Structures are given as structure tokens and as C-alpha cells.
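In this text, all values refer to a predicted model and were calculated from it rather than measured experimentally. Only heavy atoms go into these numbers, but all of them, side chains included; no hydrogens, no water, no symmetry mates.
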Amino acid sequence: MLLLAASAAGSVSPAARLGARARAAAPAMRRLVRRAAATETSVSEGTSGPTDVKTILECKKDMSDIVSLCKRRGFVYPSSEIYSGFAGFFDYGPLGVELRNNIKRAWWEDMVQRRDDVVGLDSSIIASPRIWEASGHVAGFSDPMVDCKESKQRFRADQLFFAKVADGAGAHAGYVSLLEGADMEAAAAKAAGALLKKLKRDGPAQLSPLRDFTEADPSEYALVPSPATGEPGTLTAPRDFNLMFQTSVGAMTDGSSVAYLRPETAQGIFTNFKNVVSSTRVKVPFGIAQIGKAFRNEITPRNFIFRSREFEQMELEYFIKPTDVEEEWRAQHAAWVETRLAWHIGIGIDPALLSIEQHKPDKLAHYARACSDIMFKFPFGVSELEGCAHRGGYDLTQHASASGKSAEYTDEETKAKYVPHVIEPSVGVDRCFLAVLCSAYAEDVVNGEARTLLRFHPRVAPIKVGVFPLVKNNEQIMESARELHKRLQRRHNVAFDAAGNIGRRYRRMDEAGTPFCVTVDFQTLEDGTVTLRDRDSTAQRRVSPDELVAFVADACE
């Protein structure tokens, strides 16, 4: 209603559409929670008549549950598993590749196709090494690394936390350490208690605030225990570790052939800025969007696909006229943060799990004016889902200086020349995939049996519809089901399942996140209607094939 009214009054900007979608989504989400909180809801499940469904709202989502479901249902497999795996790399199975593609398609449609001010690009993974020299990646794209000399394990220093421990009398007892994760305060307190018990000191333990290892004084390096061994004196001092994967291009393997797998997709956009301006009719403000692979030799890939060495980015560089009026550029930056937040809600991520974290001035990159992160509450803790940075004119200026080619944009109306500034919303496909999965994961009870389901928004669900013939031994029913399957298959990814009873088939589709199931039965032979079943409520109703096709198409938009 909101969008229709706005359209009647005039054109609606893409940001306004997404903002309206977010505002419309929030009340709906609250209503969903209130409905689920109700004690019981009468619905129709299978062919056995009414049943009761009780949603377990406080479903404890553990990463082990998510990882197990991903493997079992074919979302994500460990890479090279038959060779004992390869850390930091993953393969996406039949359902996983569909979910990934749907997320990317939704991003491309909303950020490019449905906007008049954004165009697309697909730059190469390997480019001139001079690009990475100019951008600062060769000299400064690194993470602080620390090694355990005894276990030979390697950690990121900014993910290794420690605290001083004092006993009940306030006397110093030592240090405890732990790796970044959820409930670190509780974990540190438990470790401190164990330390006092080992030293036979009285408690309760007193802990100093947790600090990461980059904040340690050099005199503390030998006192902090290694997370691998629990013993002090084995950790090295932090040192920089460049994250770029190096390769060789051409027949030679000397220094002249050195190249890199790109660690981000943004630089390909900046180096093609002038090409896009000269070959299209874009005018500032406008954006260039790209979806593509990136590679980072992470010291400690962890938390499943959240931090891996090969990943995919959905990145947009939005070029704007430079201004020193703080209210103006902050408003432009804030508008993009709101737009991106609305998009995540629009594809089904629970807004209760999302938050915004603004970087403090002393935590900004030297070239950035502002940066806000969209945070998501994963099972392992609240972590960054998407970053939205105001990068100023740093990147275009750096490449212009290094290449000797101007990056100035000429305003056709005023004839003024300037190097545009840029706002960069950047989200990883894999992190978005994991957030969608964690947000959708649920458990409830149907007919007295526990059910695991994925409440995917139909737009991103890997399978849109499951088509079931009620029985396999009736050729008319089987033929009608096959025809309906083929008709739906023209536009959607659809599953055909004739094995087992209807309840079992529903459970398989629920766990795969399929929003709708359709049963072709004996009544279909009489009046042509089929049974449409909703995944979340398990409610059923009779519809004609034409109504079904239109309903599914509308739901998936």
C-alpha cells in the first residue's frame, strides 16, 4: 500500500523503496513473533486433519547444529574432504549453490537493475601488481600474527585476548588467555577460577579488563599463556603477515612475474572508473557494482564460512560530488546504511538480530571519513555482516598518481572538474549466506514430533515448491503431478518427490527451507485443484494450478 501510494504521486527512488520495505517488514516480524508466542494454533497437516503446532521461540542455535544441517542437507561441504579437508575453503552443495545464487540475484536486482543510478562491472581476478602497490595492499595489507613455539599453531594477535588474574586477597596470580568468541567474559572467569585452583589460592578470582594481544606490553609477551597449550612463555611477539595470495604470470617465475589474487573487488571498480564514465551515460552521483571472488590468506580461518580464505563479495562504489559540509556527506553515508539495512530485512533476516555499529574516529582507516558496520548476532557472537564506508577520494587519487592518468570527472552542466568521493557498501556473499541460514533456522513441534525447519524468505529459498503426487500407483495422479512440476519449473527451482508418506516428504522440504508444498491427489482428478501447504504455519488450502503459479511468482518477488 505504501509503495503504491508513493508511485501514484510520482517516481520512487530505489532507496525509498527499500526504506519502505524495511518499515513494512518490521511490524510484520513483530506480528510473527507474537503469533508464534501464542500457545497453540490449529492448522491442517498432511491428510490426517487438524493438528497442533507450537513454535519453540527460544531455539538454541549452536554452530554445530548449523554445520551439521549444512552437511546433511547439501548446503556446504568441507573442501577436499576425502583428503582430510583443506582449512579455510568450502564447497557449496546443491541447495547451497541455489541459496548463494538467489542471494546474489536479489542483491543485483535491487542494487543494479532496479536503480537508474548504478551500473555493473566484472573485473578480472588477477590484475597488474601495480594496482595493489598503488592501493597500499602490497605494503600494508596485513594482520598481526603470533605463533605458539611449542604447538606450532598460529593466531591472529587481535583475536587472542588475555587478562591479569588476582586472587581473593588481591595478590597477582598470573594471566589467562582465550580466543575471540561468544561469552568471553564468562570463559575468562572460568579460566581464572581454574588457575587459582591450580595454584591453590583462595578466590574469588579478580580479572582485569580483557585486551587483545596487540595491546600487550612487550614485558607481558612471555607471561600470557598460549591458547593451544595453556602454558606461558611460548608466544612470539606480534608481527605483520601479508594476506595476499601470490602467484606467477607467464613462463618465468622470477620477481618480474609476481602477481596476486585480488584480496577485494573494489580496486577493479576504481581502475575502471574512467572507462565506465566514457562508455556510458552515467553522471555523478552514480554507482558501479560488482560481484566476484576474492582471496585472503587468513591466519586463522574460523567460525565455519564466516572467515575463509576464498570468498565472494557483493560490492558497490557510489561516486558522489566531494563536499566539506559535514551534514551533507554524513547524510549521504547514513542513507546508504539505511538502504543496506533495509535490504537485509527484505530478504528475510530477522531485524532483531541486526544492529549498527559506528567506527570511532580513532578506529577509522587513515583515508576514511566514516564507517558503519551492519552487525549480526551469529551463534558465536555479534560480528560484522556488512561494512559501509565513506572512503573520500583516496582510491581514485592513488591510482591517478601511480598511473599518471587523470581520474577527474567533468560536470557537464557547470564544467567543474573534480575527483569524486565514494561511499562503499560491501558485503560478503558467504557471510550473508550464513546470516540468512542462522536467521531462518528454527525448531518446533508438529503432531507431537520435533521438526527442524529453515524459514527462508521465498525469494532466496533454494527450492521454491515441492510437488508431491499423493500415491505412486495411480498414473493419472502421477501424470498431473509431473505436468504441474514442469510448469512451475519454467520459472523456479522445484522439487518432485513421490517417495514415502506425505508427512515425511513435508519434513524433508521443511528442513531444506522450501516455503510451499503442493499435493496432487484424488480430488485433483475431480475438480483440478491441488493442496497448497505453507511451511511455517503448516496451513493448507485448495487452489487451482493457475492460482498456484501466480501465488508462487508473487511470493518469490
Side-chain angles (χ1 to χ4, degrees), residues 54-103 179-183 187 298 300-312 348-350 353 376-383 385 428-457 460-463 466 493 495 497 499-500 503-515 517 535-536 538:
K54 186 174 182 180
T55 299
I56 303 175
L57 280 176
E58 298 301 327
C59 169
K60 186 177 181 180
K61 302 176 186 179
D62 187 86
M63 274 308 297
S64 61
D65 296 328
I66 302 294
V67 173
S68 174
L69 183 142
C70 283
K71 175 74 181 297
R72 183 174 68 252
R73 294 299 309 180
F75 283 94
V76 185
Y77 307 130
S79 181
S80 312
E81 187 177 21
I82 63 172
Y83 293 101
S84 302
F86 198 42
F89 297 91
F90 296 91
D91 300 331
Y92 287 83
L95 291 185
V97 72
E98 291 291 338
L99 178 57
R100 274 174 63 92
N101 286 342
N102 290 343
I103 290 171
L179 295 176
E180 182 182 38
D183 300 322
E298 292 284 353
T300 51
R302 54 206 296 262
N303 290 329
F304 195 33
I305 59 174
F306 178 81
R307 190 182 302 280
S308 54
R309 292 181 169 123
E310 176 185 344
F311 55 97
E312 198 162 7
I349 293 181
D350 185 348
L353 301 176
F376 180 82
K377 187 178 181 181
F378 293 96
F380 49 79
V382 177
S383 294
L385 172 60
V429 176
D430 309 86
R431 288 192 183 186
C432 191
F433 179 105
L434 185 57
V436 167
L437 199 65
C438 292
S439 182
Y441 185 91
E443 296 172 1
D444 62 15
V445 177
V446 178
N447 284 340
E449 294 183 1
R451 174 180 71 147
T452 298
L453 69 159
L454 293 171
R455 300 181 187 274
F456 289 134
H457 189 291
V460 298
I463 302 171
N493 188 35
D497 191 352
R504 292 283 180 87
R505 285 183 261 178
Y506 283 155
R507 297 299 172 269
R508 287 196 288 266
M509 289 293 99
D510 291 343
E511 198 172 48
T514 306
C517 290
R535 173 200 62 210
D536 297 342
T538 73

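- A distance-only check finds a donor-acceptor pair linking the side chain of Ser439 to the backbone of Asp350 [under 3.5 Å].
- For the pair Arg535 (side chain) and Leu454 (backbone), a donor-acceptor distance under 3.5 Å is present.
- Expressed to the nearest 0.5 Å, how far CZ of Arg100 lies from CD of Glu312 amounts to 4.5 Å.
- With sequence neighbours left out, Phe304 forms a ring pair (Phe, Tyr, Trp, His ring centres under 6.0 Å) with Phe90.
- Judged by distance alone, the side chain of Arg505 and the main-chain N or O of Asp497 form a donor-acceptor pair under 3.5 Å.
- In terms of heavy atoms, Ser383 sits closest to Phe306 at CB-CZ, 3.4 Å.
- Rounding to the nearest 0.5 Å places SG of Cys70 at 9.0 Å from CG of Leu99.
- Taking each heavy atom of Gly466 and Thr514 in turn, the nearest pair found is N-CG2, 3.7 Å.
- Under the 4.5 Å side-chain criterion, counting only non-hydrogen atoms from C-beta, Pro78 is in contact with Lys71.
- Scanning both residues, Phe86 and Ser80, for their nearest heavy atoms gives CB-OG, 4.0 Å.
- One finds the SG atom of Cys438 at 12.0 Å from the NZ atom of Lys377 (value rounded to the nearest 0.5 Å).
- In the model, Tyr92 has a side-chain atom that pairs as donor or acceptor with a side-chain atom of Asp430 under 3.5 Å.
- With Asp510 contributing its side chain and Thr452 its backbone, the two residues share no donor-acceptor pair below 3.5 Å.
- Between the side chain of Arg73 and the backbone N or O of Arg508 there is at least one donor-acceptor pair closer than 3.5 Å.
- Arg307 places no side-chain N or O within 3.5 Å of a backbone atom of Pro301 that could act as its donor or acceptor partner.
- The closest donor-acceptor contact from the side chain of Asp91 to the backbone of Tyr77 lies at 3.5 Å or more, if one exists at all.
- Between atom CZ of residue Phe89 and atom CZ of residue Phe311 there is a gap of 10.5 Å, rounded to the nearest 0.5 Å.
- The aromatic rings of Phe378 and Phe376 lie perpendicular to each other, with more than 60° between the two planes, well past the 30° mark.
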Candidate pair Val446 and Tyr506, rule side chain to side chain contact (heavy atoms under 4.5 Å, CB included), full reasoning
CA-CA 11 Å; Val446 178; Tyr506 283 155; over 6 Å; no
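- Contact detail for Arg455 and Ala442: the closest heavy-atom pair is NE-CB, 3.6 Å.
- The CZ atom of Arg431 lies 9.5 Å from the CG atom of Asn303; values are rounded to the nearest 0.5 Å.
- For Ile305 against Ser308, the heavy-atom pair with the smallest separation is O-OG, 4.0 Å.
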Under the side chain to side chain contact (heavy atoms under 4.5 Å, CB included) rule, what do Leu453 and Asp536 come out as? Steps first, then yes or no, please.
CA-CA 8 Å; Leu453 69 159; Asp536 297 342; 4.1 Å; yes
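- One N or O on the side chain of Arg309 and one on the backbone of Ala87 form a donor-acceptor pair closer than 3.5 Å.
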Pair Glu511-Leu69, side chain to side chain contact (heavy atoms under 4.5 Å, CB included): steps then yes or no:
CA-CA 8 Å; Glu511 198 172 48; Leu69 183 142; 4.0 Å; yes
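- Here the closest non-hydrogen pair linking Pro462 and Phe75 is CG-CE2, 3.9 Å.
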